[in-house]
Amino acid sequence: MAENKGLTPRGEDFNAWYNDVVLEAELADYSPVRGSMVIRPWGYGIWENMQKGLDGLFRDTGHENAYFPLLIPMSFIEKEKEHVEGFAPELAVVTHAGGKELEEHLAIRPTSETIIYHMYARWVQSYRDLPILMNQWCNVMRWELRTRLFLRTAEFLWQEGHTAHATAQEAEAEALQMLNVYRRFMEEWVAMPPVTGMKSESERFAGAVRSHSCEALMQDNRALQAGTSHFLGQNFARQFDLKFQSEAGQEEYAWNTSWGVSTRLIGGMVLTHGDDVGIVVPPRLAPVQGVVVPIWRKEEEAVAVREKSDEVAARLKKTGVRVKVDGRGHLTPGAKFWEWERKGVPLRVEIGPKDLAKEQVVLVRRVTSGEEPRKEFLPEAQAVAEMPGRLEAFQGALLQAARDRREANSHRGITDFGQLQEIMDGPGGFVYTGWSGDPAVEERVKAETKATLRVIPDPEFRSATAPTRCIGGGDAKMEVVWAKAY
RNA sequence: CGGGGUGUGGCGCAGUCCGGUAGCGCGUCGGCUUUGGGAGCCGAAGGUCCCGGGUUCAAAUCCCGGCGCCCCGACCA
């Protein structure tokens, strides 16, 4: 494939590549307000497909959608001590409205635990009112000092699930269940396989008892926290008086969880699959899974070619493929090829006069794996029939490639601090070591290597042999994963 | 919030040192020819040179002061 114009190659400057590719693929654009962005139709279409996938999984696990307001009384935010300390630096606050200063200032939600548990308290009297399993799709605002398109913006779109339960066990199970939902979604839709596990104290959500996380490894070997699920214990229930009468007639505080993923997932998708030509969108997320490009020379040909293109598109639509015919007359086929590749459409169907004569189409993959040809000449009927299967295979190949890359860049059994430092100074990636649980070790690692403790991995991600030595010296109590993070 | 860079038609840039008609490429619009990997020719439109002040006969250019944006670091989904 020829070199792409306009995009900084990944190898030259990865961050510049990321910015270029997000803008050039028309996912998003900068807005006039620093730190906020406009999500353009192509990017928003991907987000809508993410929403559909996640929403289905939420419903399958018994959750309902609702909507809570954008503005939260400052006094609410201030109720939970850790919560306010965690979010105060990045709060945006409405102080004036209707031409005068407000008696009580209103925070623009950075997350909605406080308002939601306040409302739950009104709705719950008895254990019979539990559990409450709710989710909302909304925007939130965190006044970040340093922002990046999709990865960290002042305003972003997300979903936040909030549940209330009668017992701690049930709430803990919920937090783990949703972590697993996220994991499945990231694997099966985004083709971005995370390592799941628990956060250390220092990385825990402000106000949570325990935070669980999905950590994905990007192409530049930095970790992206792609989704989190929190067991909140009774911390918020106590502050918001969320109580119920138990079966035994006792008054008890409810147990809560909250969990969220955001448009950051789009950034993760770009950083996982993109190449020097543009982004690559996994078929399940692609607003257009197959683009049909008609090719002609003379007007007489154009009519027949367009007709055939529409016909093939209609037949593809019937097989459930999201398809678009690019019949624009002022662009050459080559220009269209580049454009749709830059935007990451998985498969392309080319139909020209030669194909009409042979009753064939040309099928081109955005990326290939193994011995797959990039371009194939197939009988029209076969191409149509095989398209859904090929999209599935494409989806699977992306996941496999991402998983292989993650494992190839995971360094296990590291016991020596110098080795950890060497990896972080060099190639980077996930580094598995033992840890005593002492925060001072985290601080030392961060200070000397810039890596942070991403996650205490769940059993299936742990190394075959449990480490015995802590990376900071002494005995290990657990295995942990270090990486430089986004 | 510190360090660096940058601000000139929609986009990318030159011009700034050394003041003197605001230019180039891409894109856009119109016409004709084109279309199997980023089309060609002809014509056209499009600019408070980031903002404010100052110096000067004259400022994109020199001086002073502001602002925006991007990148790099400290904090974060």
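Chain naming here is simple, since letters A, B, ... match the order of the sequence lines and numbering starts at 1 in each.
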**Q** Of the listed nucleotides (B/A74, B/C70, B/U35), which one gets closest to any side-chain atom of A/Lys450?
**A**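 Per side-chain heavy atoms of A/Lys450, the pick is B/A74.
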**Q** Output yes when at least one side-chain N/O atom of A/Arg146 is less than 4.0 Å from OP1 or OP2 of B/G73, else no.
**A** yes
**Q** So, OP1 or OP2 of B/U35: does either fall under 4.0 Å of a side-chain N or O from A/Arg297?
**A**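 Yes, within the criterion.
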**Q** Work out how far the P atom of B/G19 is from that of B/G10, and round it to whole angstrom.
**A**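 To the nearest whole Å, 29 Å.
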**Q** What's the separation between atom CZ in A/Phe76 and atom OH in A/Tyr117, rounded to the nearest 0.5 Å?
**A**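 Atom-to-atom, A/Phe76:CZ and A/Tyr117:OH are 14.0 Å apart.
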**Q** Considering only the P atoms, how many Å lie between B/G23 and B/A45, rounded to the nearest integer?
**A** 13 Å
**Q** Please check if the number of heavy atoms outside A/Gln51 that lie under 6.0 Å from its CD is greater than 12.
**A**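 Enclosed.
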**Q** Between A/Val362 and A/Thr263, who's closer to the 5' end of RNA chain B by nearest nucleotide?
**A** A/Val362
**Q** Does B/G37 have a Watson-Crick or wobble mate here (both distances under 3.5 Å), and if so which one?
**A**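 In the structure as shown, B/G37 has no Watson-Crick or wobble partner.
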**Q** Checking base pairs now: Watson-Crick or wobble, both atom distances under 3.5 Å. What partners B/A74?
**A**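 Answer to the pairing question: none, since B/A74 forms no Watson-Crick or G-U pair.
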**Q** Just checking A/Tyr30: base, sugar-phosphate only, or nothing, at a heavy-atom cut-off of under 4.0 Å?
**A** sugar-phosphate
**Q** If you count every heavy atom of other residues, nucleotides or ligands that lies below 6.0 Å from A/Lys324 atom NZ, does the total exceed 12?
**A** no
**Q** Would you mind classifying the nucleic acid contact of A/Asn15 as base, sugar-phosphate or nothing, using non-hydrogen atoms under 4.0 angstrom?
**A**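 Counting heavy atoms under 4.0 Å across all strands, the contact made by A/Asn15 is with sugar-phosphate only.
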**Q** Would you say CD of A/Glu64 has more than 12 non-hydrogen atoms from neighbouring residues, nucleotides or ligands within 6.0 angstrom?
**A** no
**Q** Between B/A60 and B/C18, how many Å separate the two C1' atoms, rounded to a whole number?
**A** 15 Å
**Q** Is there side-chain contact between A/Cys138 and A/Arg109, with at least one heavy-atom pair below 4.5 Å?
**A**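 Result yes, sub-4.5 Å side-chain heavy-atom pair found.
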**Q** Does B/A60 have a Watson-Crick or wobble mate here (both distances under 3.5 Å), and if so which one?
**A** none
**Q** If the P atom of B/G7 is compared with that of B/C49, how far apart are they to the nearest Å?
**A**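 B/G7 and B/C49 have their P atoms separated by 15 Å.
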**Q** What is the base-pairing partner of B/U16, counting Watson-Crick and G-U wobble geometry with both distances under 3.5 Å?
**A** none
**Q** Taking atom CG of A/Leu54 and atom CG of A/Asn49, what is their separation to the nearest 0.5 Å?
**A** 11.0 Å
**Q** Going by purine N1 to pyrimidine N3 plus the second Watson-Crick contact, or the G-U wobble pair, all under 3.5 Å, which nucleotide sits opposite B/C26?
**A**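 WC or wobble partner is B/G10.
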**Q** Identify whether any heavy atom of A/Trp296 sits under 4.0 Å from a base atom; if not, whether one sits that close to sugar-phosphate; answer base, sugar-phosphate or nothing.
**A**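 Counting heavy atoms under 4.0 Å across all strands, the contact made by A/Trp296 includes a base.
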**Q** Of the nucleotides B/G36, B/G37, B/C70, which one has an atom closest to the side chain of A/Pro353?
**A** B/G36
**Q** Compare the minimum distances between each of B/A77, B/G36, B/G37 and the side chain of A/Phe337, then state the nucleotide with the smallest one.
**A** B/G37
**Q** Using heavy atoms to find the nearest nucleotide of RNA chain B for A/Arg348 and A/Lys446 separately, return the residue whose nucleotide is more 5′.
**A** A/Arg348
**Q** The side chain of A/Ile295 lies closest to which of these nucleotides: B/A77, B/C70, B/G36?
**A** B/G36
**Q** Applying the 5.5 Å / 30° rule, does A/Trp158 stack onto the base of B/A77?
**A** no
**Q** Base, sugar-phosphate, or nothing for A/Leu224, non-hydrogen atoms under 4.0 angstrom?
**A** nothing
**Q** Are the side chain of A/Asp20 and the backbone N or O of A/Leu23 linked by a donor-acceptor pair below 3.5 Å?
**A**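 Side chain of A/Asp20 to backbone of A/Leu23, a donor-acceptor pair under 3.5 Å: no, none is there.
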**Q** When rounded to the nearest Å, what value does the distance between P atoms of B/U61 and B/U21 take?
**A**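 Per the computed distance, 14 Å lies between those P atoms.
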**Q** Pick the P atom in B/G12 and in B/C50, then give their distance to the nearest Å.
**A** 14 Å
**Q** Heavy atoms only, 4.0 Å cut-off, all strands: where does A/Lys354 land among base, sugar-phosphate and nothing?
**A**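 It contacts base atoms.
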**Q** Using a 4.0 Å heavy-atom cut-off, does A/Thr153 contact any base of the nucleic acid, only the sugar-phosphate backbone, or nothing at all?
**A** base
**Q** A/Gly352 near the nucleic acid: base, sugar-phosphate alone, or nothing, with a heavy-atom cut-off under 4.0 Å?
**A**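 Base: the residue A/Gly352, judged by heavy atoms under 4.0 Å, touches a nucleobase.
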**Q** Establish whether the base of B/G37 is bridged to the side chain of A/Arg374 by a donor-acceptor pair shorter than 3.5 Å.
**A** yes
**Q** Measuring only the P atom in each nucleotide, how far is B/A44 from B/G9? A whole number of Å is fine.
**A**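 It works out to 22 Å between them.
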